[in-house]
2 protein chains.
Amino acid sequence: MGRPRSFDEGTAVEAATALFCERGYDGTGVDDLVRALGMHRGSLYQAFGSKRGLWLRALRAHVGGLAGPDDDLTLLLRAAVERAPTDVETAVLVSAGLARIRSTLPADDDLARVLGERLITRAAPRSTIEEDR
Amino acid sequence: MGRPRSFDEGTAVEAATALFCERGYDGTGVDDLVRALGMHRGSLYQAFGSKRGLWLRALRAHVGGLAGPDDDLTLLLRAAVERAPTDVETAVLVSAGLARIRSTLPADDDLARVLGERLITRAAPRSTIEEDR
DNA sequence: CACGTTCTTGAACGATCGGTCATGAATAGC
DNA sequence: GCTATTCATGACCGATCGTTCAAGAACGTG
């Protein structure tokens, strides 16, 4: 019973994921989330409890969807570097994500190489995939 | 001429480096820096221009001191993931740092593996080096 | 000693931070 | 139609953000 929700929770989590990928956890304000998700502050806090709650939801979904080394690893990288050292729950989810990717690789120690490659690509001054022109 | 500085710039940059390593860029407030550096806000801004100025100073020093794959890469990792995507100067310094490490490795593509290993270690739920007990 | 210069000191700024709360609207069961 | 329950709405909170600024103290030079 009660008033029905006017937003789709999955869609909201996806939008939050996109924002967190682009600006990181600390770089994303609740106002940004409110704007991007198209919901109001109160609704956001009622649905997800806190900014961190929404972050964990997004990360959990991201990790659960990981299928192989070619997936987008942006959120996992940000989580590992920015949040894992100070947020245990994030660290646990990151571990799970790493395990998922590792299990799809021929050799266990290929994981480090895959992660390193992604990191190097993302950190390039002009973070463009194409290299010509 | 003029009044002499009451702090050592190198020491201040080192203290800032430690803080940025521990809490990241966004996670470190100017108040934190002021406390850790033992100087006042005005002095900090006069000496380094801005929080970002101090960050770039610290990162530049860190990158310049990189000698091999066994060095502490925390600041470089944080810079690559947290700042490089949105801060061109940071991205350039990260590139320089990566190049320095790569040049000390037998094969070029070993760099990715080294970085990935560090990332995995740092992201572990209990970020401890020892594994027993 | 007076002057120009550089650094110190700490109060103050507007902006933004994450989070809360009271009010009202929409639904289901009676 | 009444009640209970859930969600929407947006104003509001204190805290913290990065930054600026006016005043004064410490130096070298004339």
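Computed from heavy atoms alone, side chains included, the values below leave out hydrogens, waters and symmetry copies. Below, chains carry the letters A, B, ... as their sequence lines are ordered, and counting in each starts from 1.
Of the side-chain N and O atoms in A/His40, none sit less than 4.0 angstrom from OP1 or OP2 of D/dA8. Between A/Ser6 and D/dA8 there is a side-chain N or O to OP1 or OP2 distance below 4.0 Å.
B/Gln46 places its CD atom 14 Å from the C1' atom of D/dA23, with the value rounded to the nearest Å. One atom, CG of B/Leu19, and another, C1' of D/dG18, lie 16 Å apart when rounded to the nearest Å. Residue B/Leu37 contributes atom CG, which lies 15 Å from atom C1' of C/dT8 at whole-angstrom precision. We find that OH of A/Tyr45 is positioned 7 Å from P of C/dG18, with the value rounded to whole Å. In this structure, B/Met1 atom CE and D/dT29 atom C1' are separated by 7 Å, rounded to whole Å. If you take CG of A/Asp32 and P of C/dG18, they are 8 Å apart, rounded to a whole angstrom. One interatomic measurement links the two molecules: CG of A/Asp31 to P of C/dT16, which rounds to 9 Å at whole-angstrom precision. Atom CE in B/Met39 sits roughly 10 Å away from atom P in C/dC7 (whole-Å rounding).
Map B/Ser43 and A/Pro4 each onto its nearest nucleotide of DNA chain D; the residue landing nearer the 5' end is A/Pro4. Each of B/Lys51 and A/Leu44 was matched to the nucleotide of DNA chain D holding its nearest heavy atom; the match closer to the 5' end belongs to A/Leu44.
Remark: the B/Arg3 side chain and the D/dA25 base include a donor-acceptor N/O pair separated by less than 3.5 Å. One N or O donor and one acceptor, one from the side chain of A/Arg41 and one from the base of C/dG18, sit under 3.5 Å apart.
Between B/Leu37 and B/Leu54, the closest side-chain pair of non-hydrogen atoms falls below 4.5 Å. For the pair B/Leu56 and B/Phe48, the minimum side-chain heavy-atom distance is 4.5 Å or more. In this structure, B/Val13 and B/Arg60 have side chains that are not in contact, with every pair of non-hydrogen atoms separated by 4.5 Å or more. When side chains are defined from C-beta on, A/Asp87 counts as touching A/Arg52, because their heavy atoms get closer than 4.5 Å.
Contact annotation for B/Gly29: backbone-only contact, meaning every heavy-atom pair under 4.0 Å involves sugar-phosphate atoms and none involves a base. Nucleic acid contact class of A/Phe7 (heavy atoms, under 4.0 Å, all strands): sugar-phosphate only.
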| request: Report the C-alpha distance between A/Trp55 and A/Leu75 in whole Å, list the side-chain angles of each, state the deciding distance to 0.1 Å, and finish with yes or no for side-chain contact (heavy atoms from CB on, under 4.5 Å). | output: CA-CA 10 Å; A/Trp55 159 265; A/Leu75 196 62; 3.7 Å; yes

